[in-house]
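Here the structure is laid out as structure tokens; the discussion comes afterwards.
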2 protein chains.
Amino acid sequence: MSKPSSRNEPMTIARLAQHLGLAEGTISRALNNYPDIAEKTRQRVQKAARELGYRPSSSARRLARGVIETIGFVLPTCRTQHSDPFLAEILNGLATELSLHDWDLLVTSVPDGHDEVDVIDRLVGSNKVDGFVIARTRREDARVNYLRQSGVPFVVQGRTDHPDDYSWLDIDNEQAFVEAVTYLRGLGHVKIGCLGGDPTMNFAWQRRSGYLRAMAEQNGHIGVGYLIDGITDELTAFRAAQRLLAITENDRPTALLCVTDAVAIGAMHALTRAGLRVGEDISIMGFDGLPIGRAVQPALTTLHQDSYEIGREAGRMVLDLCTNPPSAPKQTLWQAKLTPRASVNPPAQSPAQQNKGGF
Amino acid sequence: MSKPSSRNEPMTIARLAQHLGLAEGTISRALNNYPDIAEKTRQRVQKAARELGYRPSSSARRLARGVIETIGFVLPTCRTQHSDPFLAEILNGLATELSLHDWDLLVTSVPDGHDEVDVIDRLVGSNKVDGFVIARTRREDARVNYLRQSGVPFVVQGRTDHPDDYSWLDIDNEQAFVEAVTYLRGLGHVKIGCLGGDPTMNFAWQRRSGYLRAMAEQNGHIGVGYLIDGITDELTAFRAAQRLLAITENDRPTALLCVTDAVAIGAMHALTRAGLRVGEDISIMGFDGLPIGRAVQPALTTLHQDSYEIGREAGRMVLDLCTNPPSAPKQTLWQAKLTPRASVNPPAQSPAQQNKGGF
DNA sequence: TTGTATGCGTTATCAA
DNA sequence: TTGATAACGCATACAA
């Protein structure tokens with residue numbers, strides 16, 4: 001297909017030079033569009049290169065120029081919970097952005113028993129990458145700490161608890177949950193529960209903070225057992241929701257804020273099983289905007305984030321860091337988009353529905 | 001952290017040689033455990049290398065040895081449908097296996113408007129990878145066709161319609177759906193429907209074939225509208241299932257085989273919405289073994305596959321191909337594991353339950 | 001405008 | 001057992 005890059009005798013600059021009767025240096029400069037090459041020669045060289053299927057050896061080029069044009073990405077090490085629905089999207093966006101600039105993406109995992117930081121350190125030390133992208137950030141994150149003192153350009157998707165002196169981009173998780181509470185309060189909900197995620201994960205902690213802050217500011221009621229942490233998937237969500245439903249009907253939340261869509265769906269099933277109607281007896285709200293949210297019954301109100309675009313922006317940022325090293329840390333906060341659907345409605349017999357005018 | 005790999009003055013073999021008063025070649029051979037180095041020298045060199053934080057430059061090593069020790073992986077180009085739940089798992093397994101052998105994984109996407117084959121061709125041509133892994137195979141797959149004639153070692157996760165002369169590993173999709181039908185027939189179901197996937201995708205086509213073959217062999221009944229193709233996610237599944245439910249109750253399937261768990265869950269919601277009970281009025285069966293299948297209500301009967309292990313095996317295979325190039329194509333077929341749960345039961349008022357003895 | 005020479009950091013081939 | 005020396009393929013400073 002395409003060019004005759006015959007694998008037995010790979011075309012090199014030396015061969016091209018010989019073929020054209022020019023010096024190797026000339027070929028190299030012609031191909032790289034140096035200004036000191038005659039237009040006619042450039043044409044001739046580039047034409048020959050094309051026809052003979054010349055492809056520069058990236059190893060040689062990297063060695064000569066000292067730039068790898070490769071970004072490293074460490075797969076989040078979470079074999080316990082199943083696949084992160086974002087990972088593929090982020091990876092796709094990141095790879096796309098890099099590929100548009102002819103950079104590569106080197107993906108590694110952390111085998112059981114190996115240390116995350118060592119994996120990064122090896123990649124950096126053996127000159128395999130120029131920069132790094134980190135995802136699924138924890139509040140206290142060894143990877144970030146290592147990279148911070150290593151001098152390697154890197155971008156973090158998410159933030160740690162001390163996010164001042166490095167580049168990151170993140171969804172404004174706290175603000176998103178503030179908006180969620182505001183929305184629910186506006187509909188008349190007072191008793192609002194929350195299924196929070198792993199509190200060592202930054203995104204989960206921030207959503208939880210947003211919930212607590214907004215509930216305090218807006219006089220929501222957080223009863224005993226309303227906030228359950230450590231919910232990471234459908235199954236734990238299912239069980240946690242069952243615990244919530246064990247609260248007597250009068251004291252039970254009328255709305256439930258869930259740290260992710262997956263958690264929301266697990267909760268929905270718990271309600272269904274208990275004979276309750278989602279969106280009528282109890283409203284449920286998720287976070288992510290997964291497509292499944294539109295197929296469940298009722299459709300899931302959620303806070304939508306575009307992880308493909310997040311991946312692309314991470315790519316842009318890390319490329320910028322690698323090509324203009326002395327730039328100041330760039331920090332970008334994106335807003336999640338509240339997407340109302342049928343799983344959230346005003347509370348069943350809420351007095352707030354009737355006389356809500358007087359605050 | 002770890003070694004003092006000071007980024008300003010990277011440690012090289014030349015520096016080590018100078019430091020130890022040895023020749024560069026000696027250092028190199030000592031570090032690579034050549035047999036012609038005195039044990040004492042080897043120790044001394046390796047100790048110094050460790051202490052001074054020496055890391056071989058992979059670019060230089062690759063250039064000198066002509067081996068890249070890197071495998072390429074092209075992300076499936078499907079921005080329309082959301083993330084493949086397997087991708088992250090497969091990637092994880094693949095990266096893990098490679099990393100255990102000190103190989104790297106280069107991941108690229110196919111930006112909009114670019115050609116999939118070109119992307120692969122560039123990676124191969126510019127010497128960035130030694131081999132390739134392909135996933136989400138189509139029945140007629142340009143990537144496979146290209147790689148087949150390129151001479152580059154590659155492994156396909158899945159198969160094309162003509163899978164004879166290359167290495168692949170795959171779930172036995174056809175057999176899995178034969179087992180599914182057998183299981184349903186054994187419970188007494190006769191009218192069995194099927195929500196099939198994209199028929200240009202190999203896995204979907206083979207599952208569909210298994211369904212058709214088993215239904216024919218086991219005297220199942222495929223009524224008009226029982227088989228719906230092109231169902232790829234929860235939302236299309238939801239709508240397709242609604243079409244199925246439009247069939248009059250007597251002619252309607254009593255069981256529904258779904259090409260994936262996601263599709264099954266979409267179908268479940270359609271039933272719920274229509275006021276039908278999953279597993280009682282209509283049984284539903286999926287394929288994948290996603291964790292959500294245990295959290296939905298009722299829990300989803302499914303055919304389970306372990307995509308992490310699939311990724312690891314793909315890694316083993318491609319490493320084998322790259323290091324022992326003249327080996328014959330290796331082809332591995334794995335069986336999916338039928339996992340009975342509550343979403344499948346004998347049909348409601350099936351006469352087959354009573355007198356099933358006579359075939 | 002082009003040619004020459006040198007370097008990038010390793011590995012590999014010879015001598016010694 | 002070790003030390004020179006030459007690749008590997010490309011980029012670049014300098015000379016012509």
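Quick note: numbers below take in every heavy atom, side chains included, and nothing from hydrogens, waters or symmetry partners. Keep in mind that what you see is a predicted model, and the values were worked out from it rather than measured. In what follows, chains carry the letters A, B, and so on, assigned in the order in which the sequence lines appear, proteins first and then strands, with residues in each chain numbered from 1.
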Check: Considering heavy-atom distances to DNA chain C, does A:Gly25 or A:Glu39 have its closest nucleotide positioned more toward the 5' end?
Finding: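 Going by which nucleotide is closer to the 5' end, it is A:Glu39.
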Show each protein N/O and nucleotides 14-16 of chain C N/O combination with a separation under 3.5 Å, one pair to a line.
none

Do you know which two heavy atoms are closest between [X] and [Y], and how far apart they sit?
{"X": "A:Ala95", "Y": "A:Leu105", "value": "CB-CD2, 3.9 Å"}
{"X": "B:Ser59", "Y": "A:Leu63", "value": "CB-N, 4.1 Å"}
{"X": "A:Thr137", "Y": "A:Arg159", "value": "CG2-O, 3.5 Å"}

Opening and closing nucleotides of DNA chain D in contact with chain B, under 4.0 Å to non-hydrogen atoms:
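Nucleotide range with atoms under 4.0 Å of chain B: D:dT1 to D:dG9.
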- prompt: Should the pair A:Asp161-A:Arg138 be classified as a salt bridge under the 4.0 Å nitrogen-to-oxygen rule?
  reply: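 Salt bridge between A:Asp161 and A:Arg138, a charged N being under 4.0 Å from a carboxylate O: no.
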**OP:** Please name all residues satisfying side-chain contact (heavy atoms from CB on, under 4.5 Å) with B:Asp36, sequence neighbours left out, ordered by chain then number.
**Re:**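 With neighbours one apart ignored, the set is B:Arg29, B:Tyr34.
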Partners meeting side-chain contact (heavy atoms from CB on, under 4.5 Å) with A:Arg316 (sequence neighbours left out):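 Counting only residues at least two positions away or on another chain, A:Arg316 forms a side-chain contact (heavy atoms from CB on, under 4.5 Å) with A:Glu97, A:Glu309, A:Arg312, A:Glu313.
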Taking distance alone, no hydrogens or angles, what donor-acceptor pairs closer than 3.5 Å link side-chain atoms of residues 13-27 of chain B to residues at least two apart or in another chain?
residue: B:Arg15; atom: NE; partner: B:Pro10; partner atom: O; Å: 3.3
residue: B:Arg15; atom: NH1; partner: B:Glu9; partner atom: OE1; Å: 3.4
residue: B:Arg15; atom: NH2; partner: B:Pro10; partner atom: O; Å: 3.3

Is A:Thr41 near enough to C:dT1 that one of its side-chain N or O atoms lies under 4.0 angstrom from OP1 or OP2?
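Answer no for this pair, as no side-chain N or O of A:Thr41 is under 4.0 Å from OP1 or OP2.
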Using the test salt bridge (charged side-chain N to carboxylate O under 4.0 Å, His left out), find all partners of [X] that sit at least two apart in sequence or belong to another chain.
{"X": "A:Arg61", "value": "none"}
{"X": "A:Asp115", "value": "none"}
{"X": "B:Asp102", "value": "A:Arg122"}
{"X": "B:Arg44", "value": "none"}

Please write out each protein N/O paired with an N/O of nucleotides 7-10 of chain C under 3.5 Å, distance rounded to 0.1 Å.
residue: C:dC8; atom: O2; partner: A:Ala64; partner atom: N; Å: 3.4
residue: C:dT10; atom: OP1; partner: B:Tyr54; partner atom: OH; Å: 2.9
residue: C:dT10; atom: OP1; partner: B:Ser57; partner atom: N; Å: 3.2
residue: C:dT10; atom: OP2; partner: B:Ile13; partner atom: N; Å: 2.7
residue: C:dT10; atom: O5'; partner: B:Tyr54; partner atom: OH; Å: 3.1

Take the C1' atoms of the five end pairs on each side of the helix from C:dT1-D:dA16 to C:dA16-D:dT1, get both axes, and report the angle to 10 degrees.
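Helix axis angle between the two ends: 50°.
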(Q) Categorize A:Gly66 for me: base, sugar-phosphate, or nothing, with a 4.0 angstrom heavy-atom threshold over every strand shown. (A)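 The residue A:Gly66 makes no contact with any strand.
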Describe the nucleic acid contact of B:Leu22 in one word from base, sugar-phosphate, nothing, applying a heavy-atom distance below 4.0 Å.
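Here B:Leu22 touches the backbone only, sparing every base.
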State which residues pass side-chain hydrogen bond (donor to acceptor under 3.5 Å, both in side chains) with A:Gln331; sequence neighbours excluded, sorted by chain then number.
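By the side-chain hydrogen bond (donor to acceptor under 3.5 Å, both in side chains) rule, A:Gln331 matches no residue at all.
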Original post:
Taking B:Asp130 for the side chain and B:Cys322 for the main chain, is one N or O donor matched with an acceptor at less than 3.5 Å?
Top reply: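 Pair absent, no side-chain N/O of B:Asp130 close to backbone of B:Cys322.
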